[in-house]
Amino acid sequence: MSVPAAKHLRTCPLCEGMCGVEITVEDKQVTSVRPDRDDVWSHGHICPKGTTLGDIHQDKDRLTMPMLRDGDKWREASWDEAFARCEELLHGVREKYGHESISGYFGNMLGKSFGISQYGSLFFQLSKLKTVYSSSTVDQAPKNLSCHLMYGDMWRIPIPDIDNTDLWVVFGANPAASMGSILSHPNVMDAIKTIRKRGGKVIVVDPVNTATAQKSDQWLPIRPGTDAALLLSIVHTLFAENLVRLRQLENSVNGLEELRVVANNFAPETVQQFCGIDADVIRELTREIVRAPRAAIYGRIGLCTQEFGTLASWLIDVIAILTGNFDRVGGLMWSNPSTAHLGLTLKSFPVSYPVVTGHTRVRGASLVLGMAPASCLAEEIATPGPGQIKALLTAGSNPVLSSPSAGKLDAALPMLECMISLDIYLNETTRHAHVILPSQSLLEQPYWDFWSWVFALRSGGKYAPPVFERPADQPHDWQTQLRLGWLCAGNSNATFDLDKLDDEFFATLCETAGVDYEVATTSFEGGGPERILDLAIRVGPFGDRYGEKADGLNLQSFKEVPHGIDLGPTKENMLPQVLKTASGKIELAPDYLLQDIPRLTAAMTTKHPEMVLVSRRHLASMNSWMHNIDTLMRGRERCTLHIHPDDATRIGIANGDKVNVTSSEDSVTVVSEITDAILQGVVSLPHGWGHDTKGAQMIIARSKPGVNTNLLSPGTLVDAISGNAVLNGIPVVIARA
Ligand SMILES: Nc1nc2c(c(=O)[nH]1)N[C@H]1C(S)=C(S)[C@@H](COP(=O)(O)OP(=O)(O)OC[C@H]3O[C@@H](n4cnc5c(=O)[nH]c(N)nc54)[C@H](O)[C@@H]3O)O[C@H]1N2
Ligand SMILES: Nc1nc2c(c(=O)[nH]1)N[C@H]1C(S)=C(S)[C@@H](COP(=O)(O)OP(=O)(O)OC[C@H]3O[C@@H](n4cnc5c(=O)[nH]c(N)nc54)[C@H](O)[C@@H]3O)O[C@H]1N2
Ligand code: SF4
Ligand SMILES: [Mo]
């Protein structure tokens, strides 16, 4: 007998777009995913990925039972058996090599799991893991660092107010593919149209004439890795032409004079050759930013994952501040999320701590704000000696495709004596695991988009209950995570008391929030992440503080409104609330950053490599993991090498020819795609491909494997002051295969 169709409202968790969707379920199958026109945030926007939420859930290759590996044979196991095996493996390594031999690599998809985000700090408390790796150091670590130094809070990243600006200058981002990043917006491309319609302007600074640049007023092709010099010459011009206007920040900044002195050496004429942008153009860009009533300066992944990622990330904010476009409508602004979540459960690094918290064992690379560079992981596993990584937890990450020195990492992982992965696939990375613990399907969990709201300039929230019930014996992801943390520290499964840990943790959160534990627990039925979410809403800026504020909100308020609640735009003049620096001012010229300037100056006098490689994204991919979804894989081959016609002619390659791309690290063979939408001397490859590895179990992905661009990314290429990987501007040689 068939059950009538049920409709479920939800937010697509796949990117920061936060599209409201309506999911139809018939006979326990998702039969459609449609945009929810009444969603208060997205108003009916959706992209091709969002329509495949059912396909992900129903993917035959998605793991639903724990998997144990013996040699190259896998078998399904019960959860009890899997956890027993985890205990045996982790304890074995601990006894033989010590606690410091256990580490982890935590990836992008962890943030999307309901619950795991809330229990991050408890996991670290339980596991006592000191050094762990994450996708932060192949992503936004430079921006975290510059915000920590400038404002005293690594997670208070200023966001461009594109709905109210007159000029949007985009450095190293392609929202036409990514849909926006550290910029949650329901429809960035529509916002670009609207800016232009109201007489404003959009300028894209990128080595590639991206789909975003093509929809904008101006494309400024820049040589990869040289943005910091360009930005410094804008600062130079601001000082030289007496254009600095701090407006309301007049008495709120330190370091103006130091900044002027540093920028003195970066006249537009000095940097033009290095950046490949004429001095006149740089001056005009500067004046345009100054002339615009409101300008928003923005830099993203192309600015972070490059040789001078931290300098560039810092200077974006500096220019916004110097031109009076900071903490102001239409410029850069801070978000005001309805949950106090981040401050509660994911603490920013205190300003009183040193920036460099230690060094890696093998290469002595800095651990910046506690982050170990992903670029160092392979050598930390492969190099013998005390502290060698012998056990690794991976969760929601696929570093064999997403991290530099991918080949070395792929070769190092089999040296581990214990590898445990929380994932939904047996893929390029998890194939090396001894135990794979299947993550809950995204549709089996409640949802609240913690991270995206943190990067949104409207406040609001939307809660959705699970669409499907999870298999009866499957723990929630956060429960699995806490159990692994427990086992890491040498404890046993037998003594794992989840409710006790949850209650104790909740009590500490209440204490942090200044709330009475008894009141908080009696005001919410049950425990777990929902209780934490409820607390975070109640003590957040719109919350009821457990009855103290009569019209305040709690989780129940959101449960009653399935299309979400919009709490309006964020406000300007948030500085007093945000700033945590010791001086009580914005630090415009932190010493730690100034010390990196000579490295930039030196690079400006060395010869450019003839060809460099950059990365690109595609609307129908999500980093490394959505290539097993048939509807997204149709159409022409996407994993191609984009190359300029003049370069192709010089090297002697025709469109569609197979070419060898060689870096100092490795070589790959890939099909060429000749296009004039890329700067001469630059080639691009998408990341997240290379699905033909032996033992991975993703049938559709394997049918169009592509190549792994991170085989070419040298782990030695890092932005040393942040530890972030350089994934753009990699010197390569191209030849016909
Ligand atoms: N060359 C190059 N490399 C890059 C980049 C680049 O631009 N160029 N970008 C970098 C950036 S910005 C990032 S963030 C990283 C991303 O790097 P990672 O975080 O390592 O990679 P993802 O591809 O997002 O991997 C997601 C993993 O989570 C699994 N997964 C999917 N759904 C779920 C789920 O619901 N639960 C769990 N537990 N797991 C799930 C997938 O199977 C996959 O193994 O890549 C980086 N690498
Ligand atoms: N469809 C889709 N959406 C995604 C993702 C995905 O994989 N697919 N990944 C998600 C993740 S994890 C992230 S972090 C975000 C990233 O979001 P975005 O930052 O928008 O990322 P990209 O689309 O890779 O755009 C980066 C741009 O930087 C340019 N670039 C490269 N080197 C340089 C340089 O030296 N200087 C300058 N000025 N530009 C440079 C590249 O040509 C490219 O156009 O996207 C998220 N959204
Ligand atoms: S834009 Fe992002 S949030 Fe919206 S449907 Fe696509 S992947 Fe999902
Ligand atoms: Mo990312």
Side-chain angles (χ1 to χ4, degrees), residues 11-21 33 35 41-42 45-53 56-57 59 61-63 105-114 116 133-140 172 174-175 178-182 184-188 300-302 304-305 374 394-404 406 421-430 436-445 449 452 477 480-481 613-617 619-628 684-689 698 701 708-713 724-728 730:
T11 297
C12 170
L14 298 173
C15 84
E16 267 179 56
M18 284 201 285
C19 296
V21 290
V33 180
W41 164 265
S42 65
H45 183 257
I46 196 165
C47 88
K49 292 185 299 301
T51 64
T52 67
L53 287 170
I56 300 169
H57 178 76
D59 186 343
D61 289 329
R62 183 171 69 81
L63 302 175
Y105 191 110
F106 305 123
N108 221 37
M109 281 311 287
L110 266 202
K112 296 299 181 180
S113 162
F114 185 84
I116 285 204
Y133 300 76
S134 81
S135 51
S136 282
T137 53
V138 286
D139 192 340
Q140 84 296 334
N174 182 19
S178 69
M179 301 278 111
S181 175
I182 311 200
S184 304
H185 189 280
N187 193 340
V188 181
R300 197 52 277 273
I301 204 79
C304 282
T305 50
T394 75
S397 65
N398 190 5
V400 166
L401 297 192
S402 64
S403 290
S421 296
L422 178 67
D423 208 287
I424 59 167
Y425 288 121
L426 203 178
N427 65 15
E428 300 76 15
T429 296
T430 61
I436 307 177
L437 301 169
S439 190
Q440 279 176 280
S441 154
L442 291 164
L443 300 185
E444 287 165 0
Q445 309 175 42
D449 203 322
S452 300
D477 284 1
T480 302
Q481 171 206 28
L613 173 70
V614 298
S615 289
R616 68 172 187 267
R617 285 181 161 71
L619 185 59
S621 286
M622 180 46 74
N623 295 322
S624 73
W625 73 273
M626 286 191 73
H627 296 148
N628 212 46
S684 99
L685 276 175
H687 80 285
W689 296 81
M698 298 174 75
N708 180 357
T709 190
N710 282 322
L711 290 171
L712 301 171
S713 316
N724 209 61
V726 175
L727 304 168
N728 287 289
I730 298 167

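Order of appearance sets the numbers: ligands from 1, and atoms from 1 within every ligand. By convention here, the first residue in the shown sequence is residue 1. Please read these numbers as outputs of a predicted model, since none were measured by experiment.
A search for ring-ring contact (aromatic ring centres under 6.0 Å, His included) contacts involving Trp41 returns Trp453, not counting sequence neighbours. Every ring-ring contact (aromatic ring centres under 6.0 Å, His included) that His627 has, sequence neighbours left out, goes to Trp689, His691.
Atom OG1 of Thr430 and atom CG of Asn398 lie 7.5 Å apart (nearest 0.5 Å). The structure places OG of Ser181 at 4.0 Å from CZ of Arg300, a figure rounded to the nearest 0.5 Å.
Protein residues having a heavy atom under 4.0 Å from any atom of ligand 1 are Gly107, Asn108, Met109, Ser135, Val138, Asp139, Ile301, Gly396, Ser397, Asn398, Pro399, Ser402, Leu422, Asp423, Ile424, Tyr425, Asn427, Ser439, Leu442, Ser615, Arg617, Asn623, Ser624, Trp625, His687, Thr709, Asn710, Leu727, listed by chain and number.
The closest side-chain donor-acceptor pair between Ser403 and Tyr133, if any, does not fall under 3.5 angstrom. No hydrogens or angles considered: a donor-acceptor pair under 3.5 Å links the side chains of Ser441 and His57.
Around atom 2 (Fe) of ligand 3, the protein N, O or S atoms found under 2.8 Å comprise Cys15 SG.
Tested against Met109, the residues Ile116, Asp423, Leu422, Leu442 include a single side-chain contact (heavy atoms from CB on, under 4.5 Å) partner, Leu442.
Smallest separation of non-hydrogen atoms from Thr394 and Ser397: CB-OG, 3.6 Å. The two residues Thr51 and Pro48 have their closest heavy-atom pair at OG1-O, 2.7 Å.
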